[in-house]
Each structure stands twice: as structure tokens, then as C-alpha cells.
Amino acid sequence: MSDIAGKGCEILIPFEERKSLQEIERSLITKYRKQIWSKFIKALKDYKMIEPGDKVAVAISGGKDSMLMAKLFQELKRHGENNFELEFIVMDPGYHGDIKRLMIENCNYLDIHIQIYDSGIFRIVDNIAKDYPCYMCAKMRRGALYNKAQELGCNKLALGHHFNDVIETTMLNMLYTGCFKTMLPRLRSSNFKGLELIRPMYYIEEKYIEYFTQESGIWPLNCACMVAAEKTGNKRYEIKELIKNLKGAFKDVDKSIFKAAQNVNMDAILGWDQDGKHHSYLDSYFDE
Ligand SMILES: Nc1ncnc2c1ncn2[C@@H]1O[C@H](COP(=O)(O)OP(=O)(O)OP(=O)(O)O)[C@@H](O)[C@H]1O
């Protein structure tokens, strides 16, 4: 396992033997009701992510986040409203054979009926963007997922980003690019008409996803990327560490970072970008 995972990838080791499918599914609405299930439902409700008649493409990479997301959607269909359709899509960017087998085996065990399709992204990125593979790969991956969702007649594409992804993105933007910009829970695609991206795990903290996965006894894909595996450090890991350290001094610092994007005070902002145009608070300051 470790020799096919990329360097610097954290390996999530199960705490125990793999639980039965029934136990895994039950734990979502019992043991993990508060920290996972309720947070999933709250995000769906707060941002009206699922509407009657929706057809949702649930994007599964085989990692812990998106596999949990798939199970949550299945539970929703079973116990909640059943007025929407689901497709579980897996884009194969050129996974190592062992990785692909592990992912298929996990999905079979978890009763997630996936549709796998090839995109060849690893090969393309390795050829055209050797120095900045991650940026190019992320862009191409998004396109490949939207394309498939559209081909299947879906109007929503669900991604497994969670609470920690949101605050890490906010901090990355602030500390490295000098702008305040977060990851949105729901977003219209500008290139794919009629398609929206949703992030139903928006409120779920990563540590609970890890507990759930480890307690279920599942080996998720940890780092399936063969292109970036040898490339230098990832800024996201540094930000993760930074937030962890800050939490030592102020335990709710993560919640404050999250809330900051909900409470921007427009009376105390120097400038902002909107629709491709930059604005300054001085633009209207002298009008009065
Ligand atoms: N190869 C893929 N096929 C389908 N969906 C994907 C693929 N790669 C990424 N995604 C989707 O994009 C989301 C974000 O991708 P990213 O690589 O940042 O995931 P991650 O943080 O490793 O999460 P996960 O644990 O789900 O892999 C995933 O949760 C998943 O929904």
C-alpha cells in the first residue's frame, strides 16, 4: 500500500476489522448522527442543495470524503425524501492498477454502484505541465467531471469537500494570494450551462470523516496521484498544520475562520472584485 501512495500522503489506517455493510450504514444515523448525518442534512437545507426532480452526479475519487458522501446520499434516499436521482461517477485519470482495484473493491463492498470512465489526465498533465501538475490536473479534473455529469443528464455535480477544506482554502487565499475568498457550498458552472456544483459535506469536520472511515475498517485511497507524488510539498498541508497549531491557543479558531466568510463587514473593506471588475470603497466615498 505505502509504496504506491505518493510521498507525503497521510495513510488512514483502520482501527479494526471491516464492519458489515449494515453496521457501517447504521452508524451514520446513530453514532455519527450529530457530527456527520445532521451536518449533511443542515448543509442540504441551508443552501437548498437538493430540489425535487434533481439528478445528482456524485463524484467519487475513492478517498474517504467522497465515499462517505456517497453513503450519505444513499441514506438520504432511503430515509429522507426520494424525489431526486443519483449517479455515482468515478473518473479514472490513469490510476495505478492496484489503486483502481482497491477503489472498485471498496465501492462493491459499500454497495455503491459506480460508473468508471477514463480521462487520461495524469498522462496529459505529465506531458504539458511537468512543473505545475496540480493546478492543471485540478482544472482538467473539474472539466472531466462536469462533462460526464452533463452526458448523464445530471443538473448537479456533488463534490466531497468538507469543513476543513473550506477553512484551509480561505487561509490559503489570504496568506498566499492576499485575497479573501472562500469555497462556496453551491455554485453555477460558467462553462456547463444548466449544471451546478454542490458541496454537501460543507459543515462536516474532517476528523469525524476519519473516525468513521477508520472505525468502519475501510482502507480508502489516500493519495492516488502518480504525477504529483514526487513533486515538492503541498501548501495545503502547511496550512492544515498552521490551523492545528493555532487551535492550541484558541480552540474555536477553525470555526471563526469559517464564520468570517459569513460575516464580512462591507463597511470596513478597502476593495473588492465583482464580475471581473475591481472596486474601491473610495469609488462612492466622495459622492455624499
Ligand atoms: N477521480 C475522481 N473521480 C471522481 N470524483 C473525483 C475524482 N477526484 C476528485 N473527485 C471529487 O472531487 C472532490 C475533491 O477532490 P480532492 O482531490 O480535493 O479530494 P480529497 O480531499 O482527496 O477527497 P476524497 O477523500 O473524496 O478523495 C472529491 O471529494 C470528489 O468528490
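Counting starts at 1 for both ligands and their atoms, following the listed order. Because the structure is a prediction, the values reported are computed rather than measured.
Here the side chain of N155 pairs a donor or acceptor atom with the backbone of K55 at under 3.5 angstrom. Panel note: side chain S20, backbone E23; a donor-acceptor pair is recorded below 3.5 Å. The main-chain N or O of G217 is never found under 3.5 Å from a side-chain atom of K19 such that the two would form a donor-acceptor pair.
Residues E206 and R236 are not paired through a salt bridge, judged by the lack of any N-O separation under 4.0 Å between the basic side chain and the carboxylate.
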Which donor-acceptor pairs under 3.5 Å do side chains of residues 184-197 form with protein atoms, sequence neighbours excluded?
unit_1	atom_1	unit_2	atom_2	d
R186	NE	E196	OE1	2.5
R186	NH1	Y47	O	3.1
R186	NH1	K48	O	2.5
R186	NH2	E51	OE1	3.2
R186	NH2	E196	OE1	3.2
R186	NH2	E196	OE2	3.1
S189	OG	N191	N	3.3
S189	OG	F192	N	2.8

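The aromatic ring centres of Y208 and Y32 sit 6.0 Å or more apart.
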Filter the ligand 1-protein atom pairs down to N or O on both sides and distance under 3.5 Å, then list them.
unit_1	atom_1	unit_2	atom_2	d
ligand 1	1 (N)	M91	O	2.7
ligand 1	1 (N)	Y95	OH	3.2
ligand 1	3 (N)	I60	O	3.2
ligand 1	3 (N)	M91	N	3.0
ligand 1	5 (N)	I60	N	3.4
ligand 1	17 (O)	R141	NH1	3.1
ligand 1	21 (O)	D65	OD2	3.3
ligand 1	23 (O)	D65	OD2	2.9
ligand 1	25 (O)	K64	N	3.2
ligand 1	25 (O)	D65	N	2.9
ligand 1	25 (O)	D65	OD2	3.0
ligand 1	26 (O)	S61	OG	3.3
ligand 1	26 (O)	S66	N	2.7
ligand 1	26 (O)	S66	OG	2.6
ligand 1	27 (O)	S61	OG	2.3
ligand 1	29 (O)	G160	N	3.2
ligand 1	31 (O)	A59	O	2.7
ligand 1	31 (O)	G160	N	3.0

